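Data block below; observations after.
Every value quoted in this text rests on a predicted model; they were computed, and no experiment measured them. The sequence lines fix the lettering, A, B, ..., with proteins before strands; numbering per chain opens at 1.
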There are 2 protein chains.
Amino acid sequence: MECQTKDFGQEYKAEMRAVRDSMDVLNGKWKIPILSSLCYYHKRRFSDILKDSVGISNRMLSKELKELEINKLVERTIIDTQPITVEYKLTEHGKTLRTLINHLTDWGIAHRKVITGK
Amino acid sequence: MECQTKDFGQEYKAEMRAVRDSMDVLNGKWKIPILSSLCYYHKRRFSDILKDSVGISNRMLSKELKELEINKLVERTIIDTQPITVEYKLTEHGKTLRTLINHLTDWGIAHRKVITGK
DNA sequence: CTGAATCCTCTGCGATACTG
DNA sequence: CAGTATCGCAGAGGATTCAG
């Protein structure tokens, strides 16, 4: 594989911005665990995601879900029970992350082999 | 695309670990700019990468390069000039990152379209 | 049950100065 | 030139408590 971009000026800056956009979305300790939970259970309640993402606090979960919603990756639905419950699910756009996460997974596995030699 | 993993227990945990491995390597403000510089210029000196990665401090560059070297993504070669210079380049393993970065770029572009609508 | 509010700690990162 | 050493701040994230 040729390891070059055509132009280290223009195109390079655009690429940097795009990669940063992706990283910003995925960044932090909890984004991917949360997304994975929503990916598996197509609908999931707050307290359930809390259990799936082992170790997270409600403060963090709340914050992260809000960001994911702002980024149009997750949809929030209030269910009018007593007491109120809330359901979260991936948007169509959110589902496209699955592919990206798969790539990250694959490279991570290959990388671990290189580092640990196994 | 079906958005599921086969098993939310076993396989899920392995995937989480792999993704985190990838993210750890790429994490932080400067890893990708540095890698991109090395990707374009197949060999590059410390002071040059410093200029490529606009805004980075020598302290940070030094730290990041060290981490990349530990992760076997980058190779360091001391050139015995006066004063000494040092050349960095991607390892074979490091070059495999290009593909991953491309995926991150592509998704970042698509994501920006969704968010900004343009 | 689903958060919001507070408080506190720890880490990433910038600025600057110094060394071989 | 290629780093290392020190300092300081801002933001990420944990624990706990409160509210609708």
Report yes if some heavy atom in the side chain of [X] is under 4.5 Å from a heavy atom in the side chain of [Y]; otherwise report no.
| X | Y | result |
| --- | --- | --- |
| B:P33 | A:Y12 | yes |
| A:Y88 | A:L68 | no |
| B:V74 | B:I34 | no |
| B:S36 | B:I32 | yes |
| B:I79 | B:I84 | no |
| A:H93 | A:T96 | yes |

- Encode nucleotides 4-20 of chain D as B, S and - characters from 5' to 3', where the letter depends on protein heavy atoms closer than 4.0 Å: B to the base, S only to sugar-phosphate, - to neither. BBB------BBBBB---

- Just grab all the salt bridge (Lys or Arg N to Asp or Glu O under 4.0 Å) pairs involving residues 65-74 of chain B, residues at least two apart or on different chains.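 Every pair satisfying salt bridge (Lys or Arg N to Asp or Glu O under 4.0 Å) with a residue in residues 65-74 of chain B: B:K31-B:E67.
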
- Item | Residue pairs fulfilling salt bridge (Lys or Arg N to Asp or Glu O under 4.0 Å) with at least one residue in residues 73-93 of chain B, sequence neighbours excluded |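 Found B:E92-B:K95.
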
- Between B:E69 (CD) and D:dA2 (P), how many Å, whole number?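 About 14 Å, once rounded to whole Å.
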
- Starting at OH of B:Y88 and ending at P of D:dA2, how long is that distance when rounded to a whole Å?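 Whole-Å distance recorded here is 8 Å.
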
- Query: Is a side-chain donor or acceptor of B:T105 paired with a backbone partner of B:I101 at a separation under 3.5 angstrom?
  - Reply: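 Flag set: sc B:T105 to bb B:I101 pair under 3.5 Å.
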
- Axis deviation across the helix from C:dC1-D:dG20 to C:dG20-D:dC1, five-pair ends, to the nearest 10°: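 The angle, to the nearest 10 degrees, is 40°.
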
- Item | First and last nucleotide of DNA chain C, 5' to 3', lying under 4.0 Å from heavy atoms of chain A |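 For DNA chain C, the relevant span reads C:dC1 to C:dT6.
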
- Task: Under the side-chain hydrogen bond (donor to acceptor under 3.5 Å, both in side chains) rule, collect the residues that match up with A:R45, sequence neighbours excluded.
- Result: none

